Amino acid sequence: MTDSPYILQAKNLTKIYGENVIFKDISLDVKKGETIVIIGPSGTGKSTLLRCLNLLTPVNSGQIFLEGEEITAHGVDHDQVRQKIGMVFQNFLLFNHLTALGNVMIGLTKVKKMPTEKAKQKALHELERVGLADRAHHYPAQLSGGQQQRVAIARALAMDPLVMLFDEPTSALDPELIGEVLGVMEQLAHEHMTMLVVTHEMGFAREVADRIIFMEKGRIVEQGSPEELFEHPQHARTREFLGKISELYGKKEKK
Amino acid sequence: MINQFFAYILQGTSVTVAVTLVALPLGLILGLLFALIYNYGGFWVSRFAAVYSLVMRGVPPIALLFILYFLLSGQMVNLSPFWAGSISLGIISSAYQMEILRGALQAVGEGQMIAARAIGMTRLQAIRYIIIPQAIRLAIPPWSNEASIVLKDSSLVYAIGVPEILRRAQQLSATTQQPFLAFGAAALIYFVLVFLVNRGLDLLAEKTKLPASMA
């Protein structure tokens with residue numbers, strides 16, 4: 001089963017809250033090492049999709065496979081699955097009572113039951129990866145938003161996930177702090193971390209994504225390489241959306 | 001004369017402190033349990049906790065104390081007045097401590113739970129390692145208030161014959177005909193005890209305080 005070429009696969013996912021269909025019949029294949037960027041207007045179910053993929057929110061129907069094993073099957077230990085899927089949130093959600101080091105360590109010591117000293121070494125290494133080894137003993141409140149988000153990335157990386165999910169990781173940041181977070185993500189992409197990124201950062205999407213998925217009203221409208229989507233979008237809605245977004249953020253990116 | 005006065009009442013202090021040291025931790029354990037049940041339990045257990053709190057807080061402590069006392073030192077169980085009284089006070093306090101901790105747990109915010117689950121923690125691990133350490137910090141100031149209330153309410157066990165500060169003051173007042181002196185001395189001792197407890201907890205709050213935001 002584990003010889004599946006896909007790390008993460010979603011088949012016909014549907015999520016309904018009460019009367020509201022959040023998304024319907026979404027299928028998705030994520031290859032190892034691939035960076036996928038999901039774009040689309042607000043409220044189209046992008047964030048909910050990420051939360052469903054790591055089982056934080058149950059889907060109403062459909063199946064999810066991690067390394068070929070169905071994780072939506074009955075009797076699957078959700079906590080075990082979540083160890084293997086890293087998640088980074090829009091509002092960082094660092095543990096406020098722990099230092100940067102403590103935030104990265106706690107999953108190792110309490111979930112993976114790693115000995116403290118070993119966990120500390122690994123945590124320091126992860127903080128180094130995001131350029132924050134010198135902030136190890138700072139509490140979240142003593143860090144800038146960009147630094148907090150990088151600690152959150154380190155916290156997720158420490159669990160050695162198979163895939164990382166990013167839910168609008170820069171949306172809550174001041175403009176001048178966005179770069180440092182995108183920089184870390186870009187570096188991860190170069191290291192062939194498998195990533196699924198919901199973002200409005202078109203520059204990042206264009207430069208880093210292997211594939212872009214355009215979602216609207218709970219459906220995947222179109223997907224393809226950045227080249228295909230930016231230069232030759234097939235659907236009018238994709239064109240319109242990218243046009244608006246580029247007008248807002250990306251004028252200088254046009255050559 | 002005044003020295004003897006004080007000495008006699010002061011002997012009750014150890015009883016008062018002992019009653020408080022039983023009631024307060026018991027109330028904390030029960031209160032935390034009920035707060036967790038209320039916040040994270042299923043529908044029926046959560047309703048049960050809510051009703052428990054409502055009833056316990058809706059009846060005067062002295063009335064509850066008598067009811068619980070006669071339950072705890074009756075036919076089935078037979079505890080000494082000291083233990084029956086202390087445990088009763090603990091049960092009464094648990095409802096108030098539950099409310100304090102319930103609010104503190106909620107104030108920690110849903111996001112912390114989600115983040116903890118996202119790195120693979122079970123619900124219990126998240127509550128234990130992420131939610132409770134933050135909630136306790138938030139709870140210290142209101143808990144300090146509850147601690148002084150329990151300390152003062154320990155005087156209620158006087159009604160079931162436990163020889164604590166107030167009971168001794170009352171005896172003195174009756175034998176010496178000096179009610180002002182007797183109750184004044186009792187009041188002074190209570191005040192000093194409450195002051196010490198509050199100062200101690202202030203220090204604890206200061207010590208465990210997280211660094212403030214850079215803003």
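Residue numbers begin at 1 in each chain, while the letters A, B, ... track the order of the sequences. Being a predicted model, the structure only gives us computed values, none of them experimental.
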Is it the case that atom [atom1] in [X] sees more than 12 heavy atoms from other parts of the structure closer than 6.0 Å?
X: B:R199; atom1: CZ; value: no
X: B:Y158; atom1: OH; value: no
X: A:K31; atom1: NZ; value: no

What part of [X] lies closer than 4.5 angstrom to a heavy atom of chain B: side chain, backbone, both or neither?
X: A:L94; value: backbone
X: A:L165; value: neither
X: A:F95; value: both

Step-by-step side chain to side chain contact (heavy atoms under 4.5 Å, CB included) determination, B:V108 to A:N96: CA-CA 9 Å; B:V108 171; A:N96 296 318; over 6 Å; no
Pick from A:K110, A:M87, A:M159, A:Q83 with the largest number of heavy-atom pairs that fall under 4.5 Å of chain B: A:K110
B:R128 versus chain A, the contacting section by heavy-atom distance below 4.5 Å: neither
Part of B:Q112 lying under 4.5 Å from any heavy atom of chain A: both
Candidate pair A:H97 and B:L210, rule side chain to side chain contact (heavy atoms under 4.5 Å, CB included), full reasoning: CA-CA 7 Å; A:H97 64 305; B:L210 296 171; 4.1 Å; yes
With rounding to the nearest 0.5 angstrom, report the [atom1] to [atom2] distance, [X] to [Y].
X: A:I106; Y: B:I130; atom1: CD1; atom2: CD1; answer: 4.0 Å
X: A:L108; Y: B:I119; atom1: CG; atom2: CD1; answer: 8.5 Å
X: B:Y129; Y: A:L98; atom1: OH; atom2: CG; answer: 12.5 Å

Residues B:R117, A:D79; criterion salt bridge (Lys or Arg N to Asp or Glu O under 4.0 Å); working and verdict: CA-CA 7 Å; B:R117 301 306 301 277; A:D79 301 313; 3.1 Å; yes
B:P211 versus A:A141, closest heavy-atom pair with distance: O-CB, 3.5 Å
Atom of B:A115, atom of A:L93 and distance for their closest heavy-atom approach: CB-O, 3.4 Å
Verdict with supporting geometry, A:V111 and B:T122, side chain to side chain contact (heavy atoms under 4.5 Å, CB included): CA-CA 8 Å; A:V111 179; B:T122 63; over 6 Å; no
